Amino acid sequence: MSKRWYVVHTYSGYEKSVKSDLEHRIETMGMQDRIFDIEIPTETVTEIKEGGERKAKDVKIFPGYVLVRMEMDDDAWTCVRNTPGVTGFLGANGKPAPLSRDEFNKMMRRSKKGEPPRRTAVGLEVGTSVRVTSGPLADFDGQVAEVNAEAGKVKVTLMIFGRETPVELGFDQVAIIA
């Protein structure tokens with residue numbers, strides 16, 4: 001049998017406890033030769049707090065799912081399936097389906113160390129009052145008109161020469177006015 005990655009469905013929010021409980025079960029049931037790795041797919045996001053303070057944190061990419069590398073047989077299946085918080089395996093017709101290497105890499109979003117976070121989570125919403133903190137429009141105040149989290153951009157309406165002017169800025173160029 002070969003070692004393959006399988007997707008295990010868990011109760012949302014229980015991923016870490018499932019991983020911990022499963023690691024304990026593997027040890028107590030002597031399954032180290034059949035269940036090898038347990039991963040919770042995460043990515044690092046930068047959260048921008050009020051005042052422009054940045055904080056990096058890991059968030060789950062697929063809440064409610066854990067990846068398990070194992071040799072699938074009845075005993076290994078039973079060990080994983082009967083772990084508290086596990087609701088089942090992902091697959092067709094109730095049969096666990098292994099991931100391809102490509103699928104695994106996409107799910108884990110393998111990235112090079114030192115690569116900047118892919119996403120930014122901000123407390124910016126349409127209507128939020130902000131101050132531009134850098135660039136030629138620094139110190140102008142305005143209101144958020146649009147938020148594009150994927151691109152890390154925000155459209156802000158500023159009063160320039162007595163006119164409302166929409167300007168697109170990076171998240172790092174604005175701070176929420178308290």
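Remember, predicted model here, so these are calculated numbers, not experimental data.
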Anything under 3.5 Å between a donor and an acceptor, one on a side chain of residues 22-34, the other on a protein residue two or more places apart or in another chain? List them.
{"unit_1": "Arg25", "atom_1": "NE", "unit_2": "Cys79", "atom_2": "O", "d": "3.0"}
{"unit_1": "Arg25", "atom_1": "NE", "unit_2": "Thr83", "atom_2": "OG1", "d": "3.2"}
{"unit_1": "Arg25", "atom_1": "NH2", "unit_2": "Cys79", "atom_2": "O", "d": "3.3"}
{"unit_1": "Thr28", "atom_1": "OG1", "unit_2": "His24", "atom_2": "O", "d": "3.2"}
{"unit_1": "Thr28", "atom_1": "OG1", "unit_2": "Arg25", "atom_2": "O", "d": "3.3"}
{"unit_1": "Arg34", "atom_1": "NH1", "unit_2": "Asp73", "atom_2": "OD2", "d": "3.0"}
{"unit_1": "Arg34", "atom_1": "NH1", "unit_2": "Asp75", "atom_2": "OD2", "d": "3.3"}

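Between the side chain of Arg81 and the backbone N or O of Val86 there is at least one donor-acceptor pair closer than 3.5 Å.
Heavy-atom neighbours of Phe36 CZ from other residues, nucleotides or ligands within 6.0 Å: above the threshold of 12.
Rounding to the nearest 0.5 Å places CD of Gln143 at 12.5 Å from CD of Glu125. Atoms CG and CD, from Leu137 and Gln173 in turn, are 8.5 Å apart once rounded to the nearest 0.5 Å. A distance of 6.0 Å separates CG in Leu99 from CG in Leu67, rounded to the nearest 0.5 Å. Taking CH2 of Trp77 as the start and CE of Met70 as the end, the distance is 10.0 Å to the nearest 0.5 Å. Atom CG of Asn148 sits about 7.0 Å away from atom CZ of Phe171, to the nearest 0.5 Å. To the nearest 0.5 Å, atom CD of residue Glu15 and atom CD1 of residue Ile40 are 6.0 Å apart.
Residues passing the ring pair (Phe, Tyr, Trp, His ring centres under 6.0 Å) test with His9, sequence neighbours excluded: Tyr65. Scanning for salt bridge (Lys or Arg N to Asp or Glu O under 4.0 Å) contacts around Asp21 gives an empty result, with sequence neighbours left out. Residues that satisfy the side chain to side chain contact (heavy atoms under 4.5 Å, CB included) test with Ser100, not counting sequence neighbours, are Asp102, Glu103. Residues meeting the side chain to side chain contact (heavy atoms under 4.5 Å, CB included) test with Thr133, sequence neighbours left out: Ala175.
Glu39 and Pro41 get closest at one heavy-atom pair: O-CD, 3.7 Å. Listed here is the closest heavy atom pair of Thr87 and Thr10: OG1-N, 4.0 Å.
Connection of Val156 to Ile160 is established within a shared hydrophobic cluster, with ILVMFWY side chains joined at heavy-atom distances below 4.5 Å, either directly or through further cluster members. Clustering ILVMFWY residues whenever any of their side-chain heavy atoms sit less than 4.5 angstrom apart, transitively, puts Tyr11 in the very cluster that holds Val68. Under the 4.5 Å side-chain contact rule for hydrophobic residues, Met159 and Val132 do not share a cluster.
Val130 has its side chain within reach of Val144: a pair of non-hydrogen atoms, C-beta onward, lies under 4.5 Å apart.
Ring-plane geometry between Tyr6 and Phe89 is classed as perpendicular, the angle between the planes exceeding 60 degrees on a 0 to 90 degree scale with a lower cut at 30.
Listed by first and then second residue, the side chain to side chain donor-acceptor pair (under 3.5 Å) pairs that reach into residues 157-166 come to none, sequence neighbours excluded.
Residue Val174 is tested with Val167, Leu169, Asp141 for a side chain to side chain contact (heavy atoms under 4.5 Å, CB included); the sole match is Leu169.
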